[in-house]
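Before any comments, here is the structure.
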Amino acid sequence: MMNKYFNYLLLFFTVININTKAQENTPIVGEVWSIEKANTWYQQHAWINGADFLPSTAINQLEMWQAGTFDPATIDKELGWAAGIGFNTMRVYLHSLAWKQDAEGFKKRIDQYLQIADKHRIKTILVFFDDCWNKQGKIGKQPAPQPGIHNSGWVQDPGDPDSKDASNFPALEKYVKDIMNHFKTDKRILLWDLYNEPGNSGKLTSSYPLLKSVFTWARAVAPTQPISAGLWAWDYKELNAFQALNSDIITYHDYEEPQWHKRVIEMLRSHGRPLICTEYMARTRGSRFENIMPMLKKEHIGAINWGLVDGKSNTKYAWDTPMKNGGEPKEWFHEVFRKDGSPYKKEEVDLIKKLNNIK
């Protein structure tokens, strides 16, 4: 175990720290915010904390956003629970197929979502592309959840092999620019997260051209909000260097125990930019609210955990331990609330409220 983490951290230190060679070999797309501007922006916000949000009635991004299944009543109810414990930020995934199907309707639904979130004093991080889970999404009715399987219906965007095919990029550029131009001065949006976990699902550096392209498109729009793409796999040298050097705010994912998470923080601080952890909290891996969230607050790092309410995504089940009978796991992997709004663990919710100064 020690050798594993020593190698992990050594590699991470080698790859992530900005050095002369990285600066020389990594393209910088457009004008990245200065470190001073990034830190000034960050200081204007209260401590950022919340969850990656998918309403419990949606199995994936398409079921959340398509007209026939968009569910503002559930969104309102569940964001109300989030606000009740002091969460002030939700990270929310979009999907290009929802725009392809109905661009104007999609933008109206995004606006409706933002209205609901704003009513609850919740800012939003919007995510464009994603390399995780099922290779292809389809417009229309989405599949039912597979019992006991984590994210059985989540779909990549733009999918595989679509993300590797440059002939798809002009249409994707229109999508990204249309959404960003529409909302580029919207104060309800905290940050644009351009690409979730590029290279995941075995794609590796085949995602690099799309990653560079989406940053290029975003810089052309020049939104008032910062842009970023979260670091997550420390051995992806080219991707990590590009993400770190082109992000206004450094975002990252970490599902490890606190001692290893703290080492990651120490390395990322070398960039001098504000940090937001946009995914953490996997109980059975030792990443918990009680041992990670107080550390992030102390370090003044944004804390966005995966999952809010138990629902069709099945993310209370662990990534690698399916329960095909759909039974109750011994310990939930993700999520804060049960479907009825009661907390999975009252002591966790009490801690979150305490950290957010809510009595």
Taking [X] first and then [Y], would you say they form a salt bridge - that is, a charged N and a carboxylate O separated by under 4.0 Å?
X: Asp310; Y: Arg338; result: no
X: Arg219; Y: Asp248; result: yes
X: Glu104; Y: Lys108; result: no
X: Lys316; Y: Glu328; result: yes
X: Arg288; Y: Glu257; result: no
X: Asp102; Y: Arg109; result: yes
X: Lys354; Y: Asp350; result: no

Look up atom [atom1] in [X] and atom [atom2] in [Y], then write down how far apart they are to the nearest 0.5 Å.
X: Arg283; Y: Glu290; atom1: CZ; atom2: CD; result: 8.5 Å
X: Glu78; Y: Ile116; atom1: CD; atom2: CD1; result: 11.0 Å
X: Met64; Y: Leu94; atom1: CE; atom2: CG; result: 8.5 Å

We want to know whether [X] and [Y] form a side-chain donor-acceptor pair, criterion being a heavy-atom distance below 3.5 angstrom.
X: Ser96; Y: Asp157; value: yes
X: His261; Y: Tyr252; value: yes
X: Asn196; Y: Tyr93; value: yes
X: Glu335; Y: Thr315; value: yes
X: Ser152; Y: Asn314; value: no

Test of understanding: with side-chain contact (heavy atoms from CB on, under 4.5 Å), list the residues that count as partners of [X], not counting sequence neighbours.
X: Thr205; result: Glu238
X: Ser34; result: Glu36, Lys37
X: Asp165; result: Ser167, Asn168
X: Lys100; result: Leu97

[Y] and [X], any side-chain heavy atoms less than 4.5 Å apart:
X: Asp160; Y: Ser201; answer: no
X: Ile75; Y: Leu79; answer: yes
X: Cys277; Y: Thr251; answer: no
X: Leu231; Y: Ile250; answer: yes
X: Pro223; Y: Trp192; answer: yes
X: Val92; Y: Trp65; answer: yes
X: Leu114; Y: Phe183; answer: yes

Test item: [X] side-chain N/O and [Y] main-chain N/O as donor-acceptor pair under 3.5 Å:
X: Thr69; Y: Glu63; result: yes
X: Asn181; Y: Lys177; result: yes
X: Arg285; Y: Ala318; result: no
X: Asp71; Y: Thr74; result: yes
X: Gln225; Y: Leu190; result: no

Using atom types as modelled, flag every donor-acceptor pair under 3.5 Å from a side chain in residues 293-309 to any protein atom, sequence neighbours excluded.
from: Lys297; atom 1: NZ; to: Leu355; atom 2: O; distance (Å): 2.4
from: Glu299; atom 1: OE1; to: Arg269; atom 2: NH2; distance (Å): 3.0
from: Asn305; atom 1: ND2; to: Gly307; atom 2: O; distance (Å): 2.8

- prompt: Is the count of non-hydrogen atoms from other residues, nucleotides or ligands lying under 6.0 Å from Lys135 atom NZ greater than 12?
  reply: no
field: Neighbour count above 12 (heavy atom, 6.0 Å) for Lys174 NZ
entry: no
Less than 3.5 Å apart, which donor and acceptor atoms pair up between the side chains of residues 210-217 and the rest of the protein, not counting sequence neighbours?
from: Ser213; atom 1: OG; to: Pro209; atom 2: O; distance (Å): 2.9
from: Thr216; atom 1: OG1; to: Lys212; atom 2: O; distance (Å): 2.8

query: side chain to side chain contact (heavy atoms under 4.5 Å, CB included) between Val155 and His95: does it pass, once the steps are laid out?
result: CA-CA 9 Å; Val155 287; His95 203 288; 3.7 Å; yes
task: Just do the side chain to side chain contact (heavy atoms under 4.5 Å, CB included) check on Val336 and Trp81 with the steps written out, would you?
output: CA-CA 10 Å; Val336 182; Trp81 297 340; over 6 Å; no
task: Walk me through it: do Phe289 and Val349 pass the test side chain to side chain contact (heavy atoms under 4.5 Å, CB included)?
output: CA-CA 9 Å; Phe289 284 116; Val349 165; over 6 Å; no
query: Which residue pairs pass the side-chain hydrogen bond (donor to acceptor under 3.5 Å, both in side chains) test with at least one member in residues 41-51, sequence neighbours excluded?
result: Asn49-Asn356
task: Mind checking ring pair (Phe, Tyr, Trp, His ring centres under 6.0 Å) for Phe169 and listing every partner two or more places apart, or none if nothing turns up?
output: none
Which pairs would a plain distance check flag for residues 138-150, meaning a side-chain donor or acceptor within less than 3.5 Å of a matching protein atom at least two apart in sequence or in another chain?
from: Gln142; atom 1: OE1; to: Asn60; atom 2: ND2; distance (Å): 2.8
from: Gln142; atom 1: NE2; to: Lys138; atom 2: O; distance (Å): 2.8
from: Gln142; atom 1: NE2; to: Gly140; atom 2: O; distance (Å): 2.7
from: His150; atom 1: ND1; to: Tyr317; atom 2: O; distance (Å): 2.7

Can you list, pair by pair, the side-chain donor-acceptor contacts under 3.5 Å of residues 120-129, counting residues two or more places apart and other chains?
from: His120; atom 1: NE2; to: Asp76; atom 2: O; distance (Å): 3.2
from: His120; atom 1: NE2; to: Asp76; atom 2: OD1; distance (Å): 2.6
from: Lys123; atom 1: NZ; to: Lys187; atom 2: O; distance (Å): 2.7

- prompt: Under a single-linkage definition using a 4.5 Å side-chain heavy-atom cutoff for Ile, Leu, Val, Met, Phe, Trp and Tyr, are Ile276 and Ile265 assigned to the same hydrophobic cluster?
  reply: no
field: Connected via hydrophobic side-chain network under 4.5 Å: Ile292 and Ile48
entry: no
field: Qualifying residue, where the test is ring pair (Phe, Tyr, Trp, His ring centres under 6.0 Å) with Tyr255 and the options are Tyr280, Trp319, Phe333, Trp260
entry: Trp319
task: For this output row, return yes or no: ring centroids of Phe106 and Trp99 closer than 6.0 angstrom.
output: no
query: With ring centroids as reference points, do Tyr344 and His334 lie under 6.0 angstrom apart?
result: no
task: Write down the atom of Arg273, the atom of Ala38, and the distance for their closest heavy-atom approach.
output: NH1-CB, 3.8 Å
field: Check against side chain to side chain contact (heavy atoms under 4.5 Å, CB included), Met180 and Ile227
entry: CA-CA 11 Å; Met180 290 192 77; Ile227 67 174; 4.3 Å; yes
- request: Could you pull out all residues at least two apart from Asp131 that satisfy side-chain hydrogen bond (donor to acceptor under 3.5 Å, both in side chains)?
  value: Tyr195, Lys203, Ser207
- line: With sequence neighbours left out, the residues meeting side-chain hydrogen bond (donor to acceptor under 3.5 Å, both in side chains) with Lys77 are none
